[in-house]
Amino acid sequence: MRLSSLAFLAFLAACSPAAEPGAENRQEAAAGERQVAPILDRADAKDPQSYARPLEARVTHVALDLKADFAAKRIAGTATLDVQAKPDAKAIVLDSKGLEVRSVTDEGGRPLRFALGKADPNLGAPLTVELDGARRIRVAYVSAPDAEALQWLTPEQTAGKKHPFLFSQGQAILNRSWIPTQDSPGIRQTWEARIVVPGPLRAVMSGERLTPEGEPAEGGGRAFRFRMDKPVAPYLIALAAGDIAFQPLGPRTGVYAEPATIRAAAAELVDTEKMVAAAERLYGPYRWGRYDMIVLPPAFPYGGMENPTLTFLTPTFLAGDRSLVGLVAHELAHSWSGNLVTNAVWPDSWLNEGFTSYFENRIMEALYGPGRASQEAALSFADMEAAFTEIGATAPGTRLHNPDETTEGGASGIVYDKGALFLRTLERIAGRERFDAWLRAYFDRHAFQPMTSALFLADLRSNLIRGDKALESKLQLDDWVYKPGLPANAVRPDPKAFAAVDAVLDNVRGGAPAPAALWSGWTTAERLRFLNGLPRQLPQPRLAELDRALGLTGGRNAETLFAWLQLALANRYQPAIPAAERFLMSMGRRKFVAPLFETLAKQGEWGRPVAARIYAKARPTYHSVTTGTVDKTLKSGG
Ligand code: BES
Ligand code: ZN
């Protein structure tokens, strides 16, 4: 296995454009300086969600020259792709979705024949280009107005209300709707871009920002240039454009946001520089230069997205008290698990999300102490148990390596919570010192390379277990990675983490009044434990009493408000409806939006019409990721 892929690499290196003496090079960085990452030649690394055949011909570098047209909701321009191919390769296959391809040429402008294959609703269409000897090809194209990766916001959907806003979301397989390349996490590519936006706007991307203030460009626009000289999975190429301010936080950290949001964002994120330092102490150098973040308008469908050098964040984490910055620790941790060592295929997304959730918790422990970390770990354990209850304790969906996981790319809670618990269990059994040494070296050994479950297990066996039979049998590795359910050796959460709240919950279940005085001193994690620990069925007077005593319907913390609304709506608590409507109209984060509509839709005559009424108004403001899920929920009757 290993040998044949190495041999192929050597062959690829020998036929790279850099090896041709005197090869013309009009692009910014010489191809020879760029790293080329390996493609794994093994069955478990074959990506069922990409049309690419990278072992025949692959993209190594993408150069974008694009213009964003806000009126037409289209991105138009060229993508110039560096190709490495076997000498006898006739064609290269790219991924595309909804793209209008105008022409394909070699770098000298000679037309190349191309064909768009039959489109699949999920995967899009293969774009096959006849190489005819070319090793650099230029695709001229326009994206569709409904490109899934892009959300074009009207001024009304922004905080400033004056300028439009655009952002992209690549994971898992959405980038093919605005970039014609091989859209597979196992095919790493370096990239550069020039992006033209209307004059007053600023564009930022997930790579080195070469022209922070932009340059004058054609038609009164402004051009911004970017470069990523490390090979990254193409889902990590990301763009945002709008009225965007910047506030430095530390020597290599800072935050972008709309001017109206920048102060609150910077205040919430004051600990970011310390987080980067803590992460480095744990698992080695941060290899991406700067770590900046952008707080997007509320339509952003995720909590966060780990775009390299520029994490994308929802504004719903702005709680005012830094209680939700676990999100930042999480996206930062992806700079190692996910961006440095990357799942080769989405059925192994636990290698990204499970490792990251574990690492997130270690960063939280380093910054805020073991108390907060153990509470957050206990919440994760409870979420996992809830997922087991919902989908069945031994359902196929409870596996870490999940061959069915081909559309969401890691969106199910299992890969996060069970994945993190697996690593916590390894840490506990092997010992923290030994485990940390292994994990740090794992990131070094596999930096800028794709990973699979089997390769991870092989690495663990050669470098941590090293023939220790007793240790091997204690770990139950194959059960954890390949089997559904929860292995018997799983570390339980620290019972002390929520001992105080759990005692109060016992009393409340027995009829004690709402704990108003205690509540005001509780952490967000404790409040979530309390709300999620309440009986799922409560009579109206009890809901009203809790609401009044704890100020739940008027809550400003998105996580606790969500937990309360879930409980209140499931019990048809009428006073929660205006708050739910306000919340659903104020942001488009799928994790909050989809379950609330589902809960309403399950409440028959009481909830269904409310769901339909609110969704009719809110749907045009949501991202395709969010409408994709809610459309299904409401169609299926909750
Ligand atoms: N990479 C994910 C977001 C993602 C997952 C996008 C699957 C597309 C498909 C990101 O790192 C993430 O996990 N975000 C979480 C927050 C986290 C604290 C669990 C989210 O968005 O809620
Ligand atoms: Zn993540």
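- Scored by the ring-ring contact (aromatic ring centres under 6.0 Å, His included) test, F165 finds no partners at all (sequence neighbours excluded).
- The ring-ring contact (aromatic ring centres under 6.0 Å, His included) check on Y442 picks up F355, W438, H446, with sequence neighbours excluded.
- Every residue meeting the ring-ring contact (aromatic ring centres under 6.0 Å, His included) condition with H623, not counting sequence neighbours, appears here in chain and number order: F167.
- H334 and E360 form no side-chain donor-acceptor contact under 3.5 Å, judged by distance and modelled atom types alone.
- Under the 3.5 Å distance criterion, the side-chain polar atoms of R202 are matched with a main-chain donor or acceptor of P212.
- Of the listed residues (L313, N307, T309), just one forms a side chain to side chain contact (heavy atoms under 4.5 Å, CB included) with T311, and that residue is L313.
- Using modelled atom types, one finds a donor on one side chain and an acceptor on the other under 3.5 Å when comparing R188 with T342.
- No donor-acceptor pair closer than 3.5 Å links the side chain of Y291 to the backbone N or O of T272.
- Remark: the backbone N or O of T621 is paired with a side-chain donor or acceptor of Q151 at under 3.5 angstrom.
- In terms of modelled atom types and a separation under 3.5 Å, the side chain of T356 and the main chain of S337 share a donor-acceptor contact.
- Residue pairs meeting the ring-ring contact (aromatic ring centres under 6.0 Å, His included) criterion with at least one partner in residues 83-131, sequence neighbours excluded, do not occur; the list is empty.
- Within the structure, the salt bridge (charged side-chain N to carboxylate O under 4.0 Å, His left out) test picks out no pair touching residues 334-349 (sequence neighbours left out).
- A donor-acceptor pair shorter than 3.5 Å cannot be found between the side chains of R589 and T314.
- Ion pairing between D404 and R399 holds under the 4.0 Å rule for side-chain N and carboxylate O.
- With sequence neighbours excluded, no residue satisfies side-chain hydrogen bond (donor to acceptor under 3.5 Å, both in side chains) with S143.
- Two rings, from Y482 and W350, have their centers 6.0 Å or more apart.
- Remark: F70 engages W152 in a ring-ring contact (aromatic ring centres under 6.0 Å, His included) (not counting sequence neighbours).
- Under a 3.5 Å cut-off, the side chain of N175 and the backbone N or O of I237 do form a donor-acceptor pair.
- Counting heavy atoms from C-beta outward, S96 and L116 have side chains that approach closer than 4.5 Å.
- Under the rule for a salt bridge (Lys or Arg N to Asp or Glu O under 4.0 Å), D146 has no partner lying at least two apart in sequence or in another chain.
- Counting only residues at least two apart or in different chains, salt bridge (charged side-chain N to carboxylate O under 4.0 Å, His left out) contacts with residues 59-69 comprise D65-R194.
- Salt-bridge annotation for D183 and K97: absent, with no side-chain N of the basic residue lying under 4.0 Å from a carboxylate O of the acidic one.
- Heavy atoms from other residues, nucleotides or ligands lying under 6.0 Å from CZ of R53 number 12 at most.
- For residues 192-235, the pairs satisfying ring-ring contact (aromatic ring centres under 6.0 Å, His included) are Y235-W346, with sequence neighbours left out.
- Side-chain atoms of S206 come within 3.5 Å of backbone atoms of L236 as a donor-acceptor pair (strictly under, hydrogens ignored).
- Of the charged side-chain nitrogens involved, at least one lies within less than 4.0 Å of a carboxylate oxygen, so that D459 and R445 count as a salt-bridged pair.
- Applying the side-chain hydrogen bond (donor to acceptor under 3.5 Å, both in side chains) criterion to Y256, with sequence neighbours excluded, gives R209.
- When the side-chain hydrogen bond (donor to acceptor under 3.5 Å, both in side chains) test is applied to T190, the partners found at least two apart in sequence or on another chain are H61.
- In summary, the side chains of S184 and Q182 do not present any donor paired with an acceptor at a separation below 3.5 Å, with no hydrogens or angles considered.
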